[in-house]
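A quick write-up on the structure given underneath.
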Amino acid sequence: MRLSRSLIPTLKEVPAEAQIASHRLMLRAGLVRQTAAGIYAWLPAGLRVLNNIADIVRTEQDAAGAQEVLMPTIQPATLWQESGRYEDYGREMLRIRDRHERDLLYGPTNEEMITDLYRQSIRSYKELPQIAYHIQWKFRDEVRPRFGVMRGREFLMKDAYSFDMDYAGAVVSYRRMMLAYMRTFQRLGVKAIPMVADTGPIGGELSHEFIILAPTGESQVFYDAAFEEVDYSAANFDIANPDDLARFFETMTTHYAATDEKHDLEAWDKVSPDRRREGRGIEVGHIFYFGTKYSAAMNFAVTGADGQKINPEMGSYGIGVSRMVGALIEASHDEAGIIWPDSVAPFKAGILNLKQGDATTDAVCETLYGNLRAVALYDDRSERAGVKFADADLMGHPWQIVVGPRGAASGQVELKRRATGERVELSVEDALSRIGVTNA
RNA sequence: CGGGACGUAGCACAGCCUGGUAGUGCGCCUGCUUCGGGAGCAGGAGGCCGGAGGUUCGAAUCCUCUCGUCCCGACCA
């Protein structure tokens with residue numbers, strides 16, 4: 001994109017409402033604008049990040065054997081009355097009434113709806129197990145939205161639901177999702193630690209929160225270094241193989257990990273001191289098994305091999321996609337701005353034309369832009385160099401290609417790596433190949 | 001949901017106590033100079049002071065109501 005023709009309004013000063021780093025940077029870098037408390041419009045650069053994250057989540061869900069669906073944002077109250085949650089959910093649920101006085105709601109989650117969809121069509125044990133997911137906007141009318149996109153009222157979430165014939169099958173689905181999550185977070189360029197979470201009335205061990213490490217995270221976390229050493233790749237764990245999943249699950253659950261609320265000093269003492277890791281974290285995902293809670297309440301039963309009706313065992317698996325945008329920034333920024341991981345950056349590279357209007361400089365920039373196109377943001381504004389440097393650092397492109405009149409005259413550009421600050425002078429061709437574009 | 005603040009130009013804020021022609025910095029526009037880390041000078045545009053009522057000769061300023069936003073705490077992807 002050409003910056004001069006883009007709705008990417010960077011800000012030099014910070015709007016008063018933004019307190020935490022990610023919120024300030026998201027506003028300053030022109031990723032989002034607030035529309036109402038906890039409700040944001042995603043501008044071009046922000047939307048690209050959101051889509052990049054969603055794509056990675058999607059790829060890993062598909063690889064785990066989950067199938068993508070898309071359920072609506074608006075749901076009929078009747079479904080929730082069946083499960084009893086219409087009354088239980090409280091004021092967090094945004095309730096709506098249509099012109100026919102029918103009660104509707106803006107979905108905060110989708111257990112009821114997915115259960116309804118399955119009960120309509122799935123009759124036999126031969127059709128299970130299955131996992132379905134969707135990436136959809138949710139609404140929870142938080143009393144106090146804050147931290148920008150990290151705790152908004154409207155948020156984009158990937159939620160998956162598993163259906164199995166028995167507990168053993170549900171465990172396999174659970175582990176499969178857990179592995180998919182670890183791979184997802186790895187690809188997103190963050191360290192994530194699974195932590196045992198409250199299972200509430202369901203009981204059991206099958207509920208985990210995924211905390212990604214960020215210096216400004218909301219809770220203190222303690223964990224064994226073992227989590228940082230696991231090889232989550234397909235070479236090590238075949239996600240389709242239950243034995244591999246069992247081995248994976250064991251490594252995830254035998255090592256110590258807890259947030260400050262659940263920190264167990266006795267157990268912590270047993271972790272060898274050189275392996276103790278402490279940090280702060282942000283919750284970005286949650287998976288849990290809840291048995292037949294919804295299948296029983298909503299009368300979803302399939303015929304088993306023995307002819308008996310059985311309520312499938314269910315689990316649900318969420319990743320806060322929009323929250324992840326904020327969390328990634330919390331995990332990766334400095335004084336000057338955002339430092340995007342390559343995998344999610346809105347633009348792989350920023351092209352900085354330091355002398356707009358200079359024939360040679362313009363020509364070199366156009367060549368670069370012609371090769372990079374959609375993966376680059378070309379700063380073609382008639383701004384001074386300092387402004388362009390500052391904005392490029394703010395926006396956090398992994399690479400900056402700095403084109404000045406002196407270098408341009410001899411075919412040289414400067415390539416800067418945002419994460420390290422390292423700069424090198426090289427030819428246009430070499431710059432392109434370093435970035436990973438080879439058709440120069 | 002308890003507690004506390006704040007709404008004045010696109011952004012950050014002053015003015016309000018003590019009513020009397022709405023200001024500053026940044027940003028924006030024009031010109032000249034400058035030109036590799038948020039330039040300088042000169043000129044200019046931009047406000048129903050969140051909204052509604054009230055008090056007053058006169059309200060950004062005082063009073064009442066209302067809407068919105070933020071912060072702390074309890075709660076959540």
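Chain letters run A, B, ... following the sequence lines, proteins first and then strands; every chain starts at 1.
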Show every salt bridge (Lys or Arg N to Asp or Glu O under 4.0 Å) that has at least one partner inside residues 254-263 of chain A, sequence neighbours left out.
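Applying salt bridge (Lys or Arg N to Asp or Glu O under 4.0 Å) to every pair that reaches into residues 254-263 of chain A, excluding sequence neighbours, yields Asp198(A)-Lys262(A).
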
Looking only at atom [atom1], what distance separates [N] and [M], rounded to whole Å?
| N | M | atom1 | answer |
| --- | --- | --- | --- |
| G47(B) | U30(B) | C1' | 22 Å |
| G51(B) | A9(B) | P | 11 Å |
| A39(B) | G27(B) | C1' | 15 Å |
| A60(B) | C6(B) | C1' | 15 Å |
| G23(B) | C71(B) | P | 33 Å |
| G43(B) | G37(B) | P | 28 Å |
| U61(B) | C49(B) | C1' | 10 Å |
| A59(B) | G40(B) | C1' | 41 Å |

Within the 4.0 Å heavy-atom criterion, would you say [X] contacts the bases, only the backbone, or no part of the nucleic acid?
| X | value |
| --- | --- |
| Ala36(A) | sugar-phosphate |
| Arg33(A) | nothing |
| Val143(A) | base |
| Arg151(A) | base |
| Gly404(A) | base |
| Asp159(A) | nothing |
| Gln19(A) | sugar-phosphate |
| Gly148(A) | nothing |
| Glu383(A) | sugar-phosphate |

Does [X] have a side-chain nitrogen or oxygen under 4.0 Å from the phosphate oxygens OP1 or OP2 of [N]?
| X | N | answer |
| --- | --- | --- |
| Arg323(A) | A77(B) | no |
| Arg144(A) | C72(B) | yes |
| Gln34(A) | C70(B) | yes |
| Lys12(A) | G27(B) | yes |

I want to verify a distance call: between [options], whose nearest atom is closest to the [X] side chain?
| X | options | value |
| --- | --- | --- |
| Ala385(A) | A39(B), G36(B), G37(B) | G36(B) |
| Val387(A) | C76(B), G38(B), U69(B) | G38(B) |
| Arg423(A) | G37(B), C71(B), G38(B) | G37(B) |
| Arg384(A) | U34(B), G38(B), A77(B) | U34(B) |
| Arg146(A) | C76(B), G37(B), C71(B) | C71(B) |
| Phe389(A) | G37(B), A77(B), C70(B) | G37(B) |
| Met157(A) | G36(B), G37(B), A77(B) | A77(B) |

Which nucleotide, if any, forms a Watson-Crick or G-U wobble pair with [N], using both distances under 3.5 Å?
| N | value |
| --- | --- |
| G43(B) | C29(B) |
| U64(B) | A52(B) |
| G20(B) | C57(B) |
| G2(B) | C72(B) |

Polar side chain donor-acceptor pair, [X] to [Y], under 3.5 angstrom:
| X | Y | answer |
| --- | --- | --- |
| Gln67(A) | Gln130(A) | yes |
| Tyr161(A) | Asp159(A) | yes |
| Thr259(A) | Gln220(A) | no |
| Gln356(A) | Ser382(A) | no |

Without decimals, in angstroms, what is the distance between [X] [atom1] and [N] [atom2]?
| X | N | atom1 | atom2 | answer |
| --- | --- | --- | --- | --- |
| Tyr89(A) | C76(B) | OH | C1' | 8 Å |
| Ile8(A) | G27(B) | CD1 | P | 20 Å |
| Phe147(A) | C75(B) | CZ | C1' | 13 Å |
| Glu218(A) | G73(B) | CD | C1' | 15 Å |
| Leu352(A) | C35(B) | CG | P | 19 Å |

Is any NZ, NE, NH1 or NH2 atom of the basic residue among Arg119(A) and Glu82(A) found under 4.0 Å from an Asp or Glu carboxylate oxygen of the other?
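Looking at Glu82(A) together with Arg119(A), the answer is yes, because their closest N to O distance falls below 4.0 Å.
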
Residues Arg85(A) and Glu111(A) bridged, charged N to O under 4.0 Å
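So Arg85(A) pairs with Glu111(A) through a salt bridge.
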
[X] to [Y], cation-pi by 6.0 Å centre distance and 45° axis angle:
| X | Y | result |
| --- | --- | --- |
| Arg95(A) | Tyr106(A) | no |
| Arg373(A) | Tyr369(A) | yes |
| Arg417(A) | Trp399(A) | yes |

Measure from the ring centre of Phe155(A) to the centre of the six-membered ring in the base of A77(B), then say whether that distance is under 5.5 Å and the planes meet at under 30°.
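Stacked: ring centres under 5.5 Å, planes under 30°.
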
Return a single string for nucleotides 7-15 of chain B, one symbol per nucleotide in 5' to 3' order, where B is base contact, S is sugar-phosphate-only contact and - is none, cutoff 4.0 angstrom on heavy atoms.
----BSS--

Sequence neighbours excluded, which residues qualify as ring pair (Phe, Tyr, Trp, His ring centres under 6.0 Å) partners of Tyr232(A)?
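If we apply the ring pair (Phe, Tyr, Trp, His ring centres under 6.0 Å) test to Tyr232(A), skipping adjacent residues, there are no hits.
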
